[in-house]
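Have a look at the structure below, then the notes.
These numbers were taken from a predicted model, which means no experiment stands behind them. Chain A is the first sequence line, chain B the second, and so forth, proteins listed ahead of strands; every chain is numbered from 1.
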2 protein chains.
Amino acid sequence: MKPETRQQEIIRVAAKLFKEKGYSAVTMRDLATAMNIKAASLYNHINSKQDILESIIISIAEQFTEGMSSVRESNATCIEKLKEIIALHVEVSSTNIYGMAALNHDWMHLEARLNYYKKLRSDYENDFRNILIEGIKAGEISDIKPDVMMFSILTTLRSLYLWIPKKEDVNLQELSSNLNEILIKGVIK
Amino acid sequence: MKPETRQQEIIRVAAKLFKEKGYSAVTMRDLATAMNIKAASLYNHINSKQDILESIIISIAEQFTEGMSSVRESNATCIEKLKEIIALHVEVSSTNIYGMAALNHDWMHLEARLNYYKKLRSDYENDFRNILIEGIKAGEISDIKPDVMMFSILTTLRSLYLWIPKKEDVNLQELSSNLNEILIKGVIK
DNA sequence: CAAACAAACTAACAAGTGTTAGTTAAGTGT
DNA sequence: ACACTTAACTAACACTTGTTAGTTTGTTTG
């Protein structure tokens, strides 16, 4: 493990502040104070406030895209695929607690890369929906509107970042298996 | 139905803008433009930007508190109570699409009434958790960590505002019953 | 008609915004 | 010893922020 660069450190601290107050409410002076330097000094390491937000969000979005690509190409059953998706969210969320907040709350403040982000998200949702539709065809999954099922599962998974840090001793394995129970048993026939 | 006062109209339009960009990113000039007046003119009707946020959030939070109070005092089974909670969220969310966004994203920007809001929220969650715990004792509900179940159900319900407006012809009755299926069947033993 | 009110306006302010320019000082590699 | 890099600084910029003061205009009410 290479030590964190100053830039990465700034981005990490920024993500934490963004989680607490939201992107728009965090000023470069807030960020500088949290780093114990002056606002102008930040610009030795980063290009702009926008850039910080972009690198936080896009990096996570791409992790999800990659993860979904693995799931898509596995030849597990649809229920197994759902479990893989749950594990993916637990993994990505637990290693990006602060970034997930920015992704969920502040994606609309992306500018140059807004459309790219939206494409990643809608592709992800399409893959998700297709898994559900296949599962319904195969008789593995309840024949309820796939969009409602997807919405229900996905909003829970997308909000994990709110939840994981609350419990002192989150056992991620246990959380994953609890979510498997709760989310799947409502979907499986 | 009395016609909407100018103040209510401003608050309604503000909620819409808050949903799109978040409280902090919406300026009084944005709001004024959306109302087709000048920023200063807003102050004939409202006291401050803060006040707008407060009245949006607190009003909804109190609707949930009231609704939960009905549920608490009914003598239905725990599963029935869960269904009542789902119906409550569908009802409140569908009639406050924009306000729900502010409640979910911008509650931390409440100032004077932040603690009041937090109390309402934690009381609500305690009532919710107690219903689950009772249900587990009574053998109606799976013996999984109640907090994880609550988290899963509640984040789905809290995100309804993101979902409802997407579908052109949301049949709220149907949505409610789909959610009953999906959320409950994963919890019931 | 006169008084009161509702709802808009212009002008301004003090504070805060992201960002740039230019400088300094302490290491690091040759 | 030398240039290079890293990481901080001060000072300033043009612009935007929420908000206040004071005024004008049309409508309602006594």
Side-chain angles (χ1 to χ4, degrees), chain A residues 1-58 98 102 105-114, chain B residues 1-58 98 102 105-114:
Chain A
M1 281 285 181
K2 281 180 199 165
E4 197 179 35
T5 68
R6 200 76 172 120
Q7 184 187 68
Q8 290 168 331
E9 195 182 348
I10 289 173
I11 292 173
R12 179 172 52 77
V13 172
K16 192 164 184 172
L17 296 185
F18 292 167
K19 187 192 172 197
E20 284 157 19
K21 310 177 28 176
Y23 172 74
S24 302
V26 173
T27 71
M28 296 304 274
R29 284 163 182 87
D30 290 338
L31 177 53
T33 302
M35 294 290 302
N36 278 310
I37 60 178
K38 301 287 165 172
S41 307
L42 294 168
Y43 289 82
N44 287 317
H45 309 282
I46 52 104
N47 293 321
S48 66
K49 193 187 177 189
Q50 257 297 299
D51 263 26
I52 297 177
L53 185 69
E54 281 182 10
S55 54
I56 293 171
I57 293 182
I58 298 296
Y98 302 119
H105 287 71
D106 291 315
W107 59 268
M108 71 282 274
H109 297 117
L110 290 174
E111 291 169 10
R113 313 192 72 176
L114 176 59
Chain B
M1 281 282 182
K2 281 180 201 164
E4 200 179 34
T5 68
R6 198 79 172 120
Q7 185 186 70
Q8 289 168 331
E9 194 183 349
I10 289 173
I11 292 173
R12 178 172 52 76
V13 171
K16 192 164 185 173
L17 296 184
F18 292 168
K19 187 191 173 196
E20 283 157 20
K21 311 179 25 178
Y23 173 74
S24 303
V26 174
T27 71
M28 295 304 273
R29 285 164 181 83
D30 290 339
L31 177 52
T33 302
M35 293 291 300
N36 280 308
I37 59 178
K38 302 286 165 174
S41 308
L42 294 167
Y43 289 83
N44 287 315
H45 309 282
I46 53 102
N47 292 322
S48 65
K49 194 187 177 191
Q50 257 298 300
D51 263 28
I52 296 176
L53 185 70
E54 281 182 10
S55 54
I56 293 171
I57 293 182
I58 299 296
Y98 302 118
H105 287 72
D106 292 315
W107 60 267
M108 72 282 272
H109 298 117
L110 290 174
E111 292 170 8
R113 313 192 72 175
L114 176 59

Could you pull out the protein-nucleic contacts involving nucleotides 9-13 of chain D (nitrogen or oxygen on both sides, under 3.5 Å)?
from, atom 1, to, atom 2, distance (Å)
D/dC9, OP2, A/Lys38, N, 2.5
D/dC9, OP2, A/Ser41, OG, 3.0

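- Here the C1' atom of nucleotide C/dC9 and the NE2 atom of B/His45 are 12 Å apart, to the nearest Å.
- One interatomic measurement links the two molecules: CG of B/Asp51 to P of D/dT20, which rounds to 11 Å at whole-angstrom precision.
- Atom OH in A/Tyr43 sits roughly 13 Å away from atom P in C/dA21 (whole-Å rounding).
- We find that CD of B/Gln50 is positioned 12 Å from P of D/dG18, with the value rounded to whole Å.
- Between A/Ile52 and A/Leu31, some side-chain heavy-atom pair lies under the 4.5 Å cut-off.
- Atom CD in A/Gln7 sits roughly 12 Å away from atom P in D/dT6 (whole-Å rounding).
- Between the C1' atom of C/dT20 and the CG atom of A/Asn47 lies a distance of 13 Å, rounded to the nearest Å.
- One interatomic measurement links the two molecules: CG of A/Asp30 to C1' of C/dA15, which rounds to 14 Å at whole-angstrom precision.
- In terms of the side-chain hydrogen bond (donor to acceptor under 3.5 Å, both in side chains) criterion, B/His45 has no residue partners (sequence neighbours excluded).
- Residue pairs meeting the salt bridge (Lys or Arg N to Asp or Glu O under 4.0 Å) criterion with at least one member in residues 10-20 of chain B, sequence neighbours excluded: B/Glu4-B/Arg12.
- Each salt bridge (Lys or Arg N to Asp or Glu O under 4.0 Å) pair with one or both residues in residues 23-35 of chain A, not counting sequence neighbours, appears once here: A/Lys21-A/Asp30.
- For B/Tyr23, the ring-ring contact (aromatic ring centres under 6.0 Å, His included) criterion is met by B/Phe18, B/His109, not counting sequence neighbours.
- At whole-Å resolution of the value, CD in B/Glu9 and C1' in C/dA8 are 14 Å apart.
- For A/Glu9, the side-chain hydrogen bond (donor to acceptor under 3.5 Å, both in side chains) test picks out A/Arg6, with sequence neighbours left out.
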